[in-house]
There are 2 protein chains.
Amino acid sequence: MYTIGKLSKNTGVTVRTLDYYDEIGLIKPSSKTSGGHRLYSEDDVMRLERVLALKYMGFSLEQIKDILENSTSNWLESIQQQLELVKREQERLKMLEQALLGVSYSIEFEGEINWPIIFSMIKLYQQDPGDVLEKYKEYLNEDEMKKIVDMSVENMSEEDIQAWLRVVGDIRNNLHLDPNSEKAEQLVLSWADQADKMFGNDEELLGNMWEALQNLQEGIAFYPMNKDVIDFIKCVALAKGGQTHDS
Amino acid sequence: MYTIGKLSKNTGVTVRTLDYYDEIGLIKPSSKTSGGHRLYSEDDVMRLERVLALKYMGFSLEQIKDILENSTSNWLESIQQQLELVKREQERLKMLEQALLGVSYSIEFEGEINWPIIFSMIKLYQQDPGDVLEKYKEYLNEDEMKKIVDMSVENMSEEDIQAWLRVVGDIRNNLHLDPNSEKAEQLVLSWADQADKMFGNDEELLGNMWEALQNLQEGIAFYPMNKDVIDFIKCVALAKGGQTHDS
DNA sequence: TATAAAACAACACGTTGCGTGTGGTTCAAT
DNA sequence: ATTGAACCACACGCAACGTGTTGTTTTATA
């Protein structure tokens, strides 16, 4: 027989919690002293342990009461419902993590809060990515849209993301460079390399994407490229001679 | 200028929620009619959108108020704290999923609730797995313990889990068979194959594990093997002749 | 055995982010 | 001018306790 304090110490559950479980009829002490102090038996301890196990599994106290009371209740079903719930929650968190990562990248790059980009990020991972890429429909066909969606942060390797952020970031930090300079050319070449690597040899896609970027100049696809970067790349390409291999 | 109802319809946020946001000073309408009806400006709508974005990212309304009010607040830090939080929560859910899976398997196999097994499952994924395998310390050395922990459900392939559950389950469902029968021998052979596959060719580990199982007869490691299964395997092995290749 | 200290019971209020009313007021359309 | 819809303000409720407060019982010490 344990007093509520001893039980609390043994199980790590606070007295208030045991108080509450008594109050809602989840764990009622099987006896009391003449003075009214609660005494918990070994059976009560067992019940508490079961309650804690079920709580860990994510059931509500109401559900736990139901499960422990109704021996007719279908355990397997309850567990598997929880499993489904946990899986869905994991999916949600994965999306959330990607969105947060995206926002984090965006803040690092912009140096300030770019709300439209943040909204796009969230939408992108929240529901229909097609919605976010709406604006590109004019320039890209179905297949190309799909390809880009599949290629979004979600499915790119961490290295590719880093590399892409780096090459674009390098350009953004050096927009003041003379388009004729050696350095500028090198930056653009690095960028072209990475673009090639990521978009493969699909010249048509690259072309359409380039056109879309030139006209829309900002957006979630190909983030963090923006108008300035595009203009810079164009300038450098032009400076290098009429023959541009980018557009 | 939107009335609260229009704003609600446009954004999908309930009137009560906007009510609440007004109440806690998160989004105060920038003007009111002479009669006291709230009127929301475009700026208010923008603020609402930001609030929703931050809410999606998992911040509390209190934090959101802070973030939006104090432009001095460190965005990057906030976001990355959230990221950490989300990652930790994902870890927790992974563990929880494994525990639930384990419990699910256990119910399917026992046909009833085996609380000790459930407790073991939870402990196994909750903290120190060494604790759960305490009893085996007598029979297995450090390296072997580590090997088994690494091999627990968490890191086994889904196929191996299924196969293991199947071969052991097959035996549990056929404990009534004559140990001399063809079927019995086949069952035990299948079991031995899978055991070999999973524990490699580490004969010593297999031997010690077998000894531990014989003496402890129940537990979380090698679940769902139990006393009955072990006895059956021993019987069949003996029936086949003095030469057992299992022990 | 008397008394002080510790533990306990019972009650109440606070927390988060709203849902769900209720009664009275204001707006928009007829 | 009237009526129905929209609106405001207020209040209670939820889950699972945390954090007191006051008064009683138990336990330890003198």
Side-chain angles (χ1 to χ4, degrees), chain A residues 1-41 44-45 47-68 82 85 89 92 96, chain B residues 1-41 44-45 47-68 82 85 89 92 96:
Chain A
M1 285 297 181
Y2 304 87
T3 65
I4 201 169
K6 303 294 176 193
L7 183 57
S8 166
K9 264 180 196 159
N10 284 344
T11 59
V13 179
T14 67
V15 172
R16 174 62 180 121
T17 298
L18 293 170
D19 227 20
Y20 182 62
Y21 291 171
D22 184 11
E23 193 181 320
I24 65 172
L26 183 55
I27 299 176
K28 287 206 165 295
S30 43
S31 57
K32 290 192 174 185
T33 68
S34 55
H37 284 194
R38 288 166 282 207
L39 293 174
Y40 292 87
S41 70
D44 295 333
V45 177
R47 188 172 166 97
L48 173 59
E49 273 166 358
R50 293 176 182 189
V51 166
L52 294 181
L54 290 168
K55 202 154 88 77
Y56 173 77
M57 293 191 234
F59 292 102
S60 73
L61 298 187
E62 192 73 28
Q63 290 176 303
I64 293 175
K65 230 169 96 177
D66 237 55
I67 293 176
L68 289 181
Q82 272 302 307
L85 227 150
E89 181 66 4
R92 203 183 65 84
L96 181 51
Chain B
M1 285 296 179
Y2 304 87
T3 66
I4 200 168
K6 302 292 176 193
L7 182 57
S8 165
K9 265 181 196 158
N10 283 346
T11 59
V13 178
T14 67
V15 172
R16 174 61 180 119
T17 298
L18 294 170
D19 225 21
Y20 183 62
Y21 290 171
D22 184 10
E23 193 181 321
I24 63 172
L26 184 56
I27 300 176
K28 288 207 164 296
S30 44
S31 56
K32 292 193 173 185
T33 66
S34 55
H37 284 196
R38 289 167 281 208
L39 292 175
Y40 292 87
S41 69
D44 296 333
V45 177
R47 188 170 166 98
L48 174 58
E49 274 165 358
R50 294 176 181 190
V51 166
L52 294 180
L54 290 168
K55 203 154 88 76
Y56 173 77
M57 293 192 235
F59 292 101
S60 73
L61 299 186
E62 191 73 27
Q63 290 175 303
I64 294 175
K65 229 169 98 177
D66 237 54
I67 293 175
L68 289 182
Q82 272 302 306
L85 226 149
E89 180 67 4
R92 202 184 66 84
L96 182 51

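Letters A, B, ... are given to chains in the order of the sequence lines, protein chains preceding strands, and every chain is numbered from 1. Note that these values count all heavy atoms, side chains included, but never hydrogens, waters or copies made by symmetry.
Salt-bridge annotation for B:Asp44 and B:Arg38: absent, with no side-chain N of the basic residue lying under 4.0 Å from a carboxylate O of the acidic one.
Atom pair B:Leu52:CG and C:dG17:C1' shows a separation of 13 Å (rounding to whole Å applied). Taking atom CD on A:Glu23 and atom C1' on C:dC11, their separation rounds to 9 Å, with Å as the unit. Rounded to a whole Å, the CZ atom of A:Arg16 is 16 Å from the P atom of C:dT15. Between the CD atom of B:Glu62 and the P atom of C:dT16 there is a distance of 7 Å, rounded to whole Å.
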Every protein N/O lying under 3.5 Å from an N/O of nucleotides 5-9 of chain C:
from: C:dC8; atom 1: OP1; to: A:Thr3; atom 2: OG1; distance (Å): 2.7
from: C:dC8; atom 1: OP1; to: A:Gly5; atom 2: N; distance (Å): 2.9
from: C:dC8; atom 1: OP2; to: A:Gly5; atom 2: N; distance (Å): 3.4
from: C:dA9; atom 1: OP1; to: A:Arg38; atom 2: N; distance (Å): 2.6
from: C:dA9; atom 1: OP1; to: A:Arg38; atom 2: NE; distance (Å): 2.9
from: C:dA9; atom 1: OP2; to: A:Arg38; atom 2: NE; distance (Å): 3.3
from: C:dA9; atom 1: OP2; to: A:Arg38; atom 2: NH2; distance (Å): 2.7

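Along DNA chain D, read 5' to 3', the first and last nucleotides having any atom under 4.0 Å from a heavy atom of chain A are D:dA16 to D:dT26.
Among residues two or more places apart in sequence or in another chain, the side chain to side chain donor-acceptor pair (under 3.5 Å) test is passed with A:Lys28 by A:Asp22. Partners of A:Glu62 according to the side chain to side chain donor-acceptor pair (under 3.5 Å) rule, which considers only residues two or more places apart in sequence or in another chain, do not exist here. Applying the side chain to side chain donor-acceptor pair (under 3.5 Å) test to A:Thr17 and every residue at least two apart in sequence or in another chain returns A:Thr14. Partners of B:Arg92 under the side chain to side chain donor-acceptor pair (under 3.5 Å) rule, at least two apart in sequence or in another chain, are B:Glu89.
For C:dC18, neither phosphate oxygen OP1 nor OP2 lies less than 4.0 angstrom from any side-chain nitrogen or oxygen of B:Thr14.
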(message) Does B:Tyr20 form a side chain to side chain contact (heavy atoms under 4.5 Å, CB included) with B:Leu26? I'd like the steps, not just the answer.
(response) CA-CA 8 Å; B:Tyr20 183 62; B:Leu26 184 56; over 6 Å; no
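Summarising the geometry, atom NZ belonging to B:Lys9 is positioned 13.0 Å from atom CD1 belonging to B:Ile4; distances are rounded to the nearest 0.5 Å.
Between B:Ser34 and B:Phe59, the residue anchored closer to the 5' end of DNA chain C is B:Phe59, taking for each the nucleotide with the nearest heavy atom.
A donor-acceptor pair is defined here as one N or O able to donate and one able to accept, closer than 3.5 Å; no such pair exists between the side chain of B:Lys65 and the backbone of B:Ser60.
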